[in-house]
There are 2 protein chains.
Amino acid sequence: MATISDVASMAGVSTATVSRALNGKSTVDPELAARVFAAAEELGYSPNGPARNLRRQEAAVLALIISDVENPFFTAIARGVEDVAQAVGYSVVLCNSDESGDKERRYIDVAIQERVAGVILSPTSTTTNTKRLTDRGMPVVAVDRPLPDDEHDMVLVDTRMAAKEAAAHLFAQGYEQVGCITGPAGVRTADDRLAGYRDAVRSAKKRSSARLVRRTEYKAAGAKAATVGLMSQDDPPDALLVANSSMVIGVLEALDELGKQVGRDVGVVAFDDVSWAKLVDPPLSVVAQPAYEIGTVAAQLLLARIADSDRAATTTTLSARLIERGSSSRA
Amino acid sequence: MATISDVASMAGVSTATVSRALNGKSTVDPELAARVFAAAEELGYSPNGPARNLRRQEAAVLALIISDVENPFFTAIARGVEDVAQAVGYSVVLCNSDESGDKERRYIDVAIQERVAGVILSPTSTTTNTKRLTDRGMPVVAVDRPLPDDEHDMVLVDTRMAAKEAAAHLFAQGYEQVGCITGPAGVRTADDRLAGYRDAVRSAKKRSSARLVRRTEYKAAGAKAATVGLMSQDDPPDALLVANSSMVIGVLEALDELGKQVGRDVGVVAFDDVSWAKLVDPPLSVVAQPAYEIGTVAAQLLLARIADSDRAATTTTLSARLIERGSSSRA
DNA sequence: GTGAAAGCGCTAACAC
DNA sequence: GTGTTAGCGCTTTCAC
């Protein structure tokens, strides 16, 4: 592959001049510049990124480590990040930790080794170790889930409040025994959504009961089993708050197999306004999170910190919006 | 950030020895090795990837350029690629071309600049230019959609056959006027699915009619408008073959708004077995493509070609499977 | 305005 | 088995 010195000798100038011409730095004689461009074109020259980054000691690349590529919530964040990054000439590399602390650690190492300019991640758990990043002065922004220490920028959603509202809505619709299916303990969004649910139970003057709560992986299969378990006990719940959109697939399947009609028999509200929410029967009531905006804000924060490492860490909390559809109505 | 010479001086050895010890190359005196590891640990040393890659003239990184991150079909491919790559120590960077030839070109350039070991891509159109890649000796594997020249490995699905089967199934179920909503002209999967549909029309001895076909972006909005257009003409279709899962969302919304009952009034079969297919009413009949397998095969092919650039290019064609559910039945 | 030369951090000959 | 040294391709002083 052609190198800068190939271009230089073809154009009859020094490598320094080629570099200057191609980067539009300082002024280069127009005539020489033209020769340089012609030679570069002719040779199909494309600068060697690693070499440049090695020399410059910086790369215009951001790493985005998300916990589940197959979850539309996270891919929407990715789009937000990408749009902001592209606009200022940064590339984004997307890594899928797949809710595994191991893979997450591996990708954090890759980010360090590749010397990316900064990292945006949705921590798989509260034990996620970003120390390796911060020790090396790498800017980190956490999205969706907070990091334990407060030296990072974070972009979160007031998910506890949203969960409370959603559960309160179910009570207001006349459901008596609202249950909750949430993610694993230690995953902050799962804990918060459960806490919000409990807030609502308390406000509604209901007795909170562990019988009505199940925790599983943020996946359809676990949620399906949990729903079957929940519904097959005496005095089962007549409504369910479901903590994510993968889970609600399992929940709806289970309800269907148990012959329960959603809405009339069992009210359902789930997190995340997925594209197919209006297609199920009855249409699914959801808590819509501003995923794309989380991405854009996170990217802006990260870029700001890359530019100025002394900025104080900020936490941005966006709010979610309850969208009432048929699944949370008895009518 | 600590460099290899920091480690070397701390351990009282040369940088060469550090490199050897850390990479487990040739043999190093156990005692020295121990000192090296201790020093590296102490300093929080992490090798500089760009520097290493520059020297080695190769990086264990694959680029995967997909045309839509929000489409589960492509994210499933991504998981397949990643699983294979991880297993042999390669990282995967995921890039979203968003069906835009421009973004695709930009990412191809990034891949070249970063000197990744190889590229897997789903070309946005038949005009995708991979010449820049191949000119530089970069291995390329096309997935989902073929590339015009036959010097590349490709992993495709026999989507024409699958479309024919799906349309034939609709005729067999007693639908008389089967229509087709497919993607933009020039996108090979869109063209092939249309061709397969026409094959079925011919086999069923129906007169093929442009009235029954619509082409739009591979998105819900376009498909929704197309459906409204299709259904509001005289003698509208009584069944629809839909070329992708984003589109079918628009189709089902439109049908619902027009008061048509899916299955009884209008049969529907769509490409891609999405997670929510069984939740809509009636459950959605689909053409299930082996997306994950496409990813694994593509990654294996790419790795093989990286190891041996002289291999002849191969084309792997996987087959899709029709899954009959309620949406394609009048009962 | 341009070129010579140093050096980013690493690995791989090559000596010993 | 270990150290010395050259050099990957680039940018950036520093002279001129």
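Reminder, nothing fancy here: chain letters follow the sequence lines and each chain counts from 1. These values consider heavy atoms only, across backbone and side chains, with no hydrogens, waters or symmetry-generated copies.
Side-chain nitrogen and oxygen atoms of A:Gln57 include at least one within less than 4.0 Å of the OP1 or OP2 phosphate oxygen of C:dG9.
Counting to the nearest Å, the P atom of D:dG3 and the CG atom of B:Asp29 are 10 Å from each other. Atom CG in A:Asn53 sits about 18 Å away from atom P in D:dC8, given to the nearest Å. The nearest whole Å value for the distance from the CE atom in A:Met1 to the P atom in D:dC8 is 15 Å. Whole-Å rounding puts the A:Gln113 CD to C:dG9 P distance at 15 Å. One atom, CD1 of B:Ile112, and another, C1' of D:dC10, lie 18 Å apart when rounded to the nearest Å. Between B:Glu114 atom CD and D:dG9 atom C1' there is a gap of 13 Å when expressed in whole angstrom units.
With hydrogens and angles ignored, the 3.5 Å screen pairs a side-chain donor or acceptor of B:Ser97 with a backbone N or O of B:Ile66. At distances below 3.5 Å, not a single donor-acceptor pair connects side-chain atoms of B:Asn23 with backbone N or O atoms of B:Lys25. Although no hydrogens or angles enter the test, the distance criterion places a donor-acceptor pair under 3.5 Å between the side chain of A:Asn96 and the main chain of A:Asp98.
A side-chain donor from one of A:Gln86 and B:Arg106 sits under 3.5 Å from a side-chain acceptor of the other.
To the nearest 0.5 Å, atoms OG1 (A:Thr314) and CG (A:Leu301) are separated by 4.0 Å.
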Q | Under 4.0 Å protein heavy-atom contact, by nucleotide of nucleotides 10-16 of chain C - B base, S sugar-phosphate only | A | BBBB---
Q: Determine, stepwise, if the pair B:Glu99 / B:Arg145 fulfils salt bridge (charged side-chain N to carboxylate O under 4.0 Å, His left out).
A: CA-CA 12 Å; B:Glu99 296 286 8; B:Arg145 310 167 185 179; 2.9 Å; yes
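Mapping B:Thr17 and B:Leu54 onto DNA chain D by nearest heavy atom places B:Thr17 closer to the 5' end of the strand.
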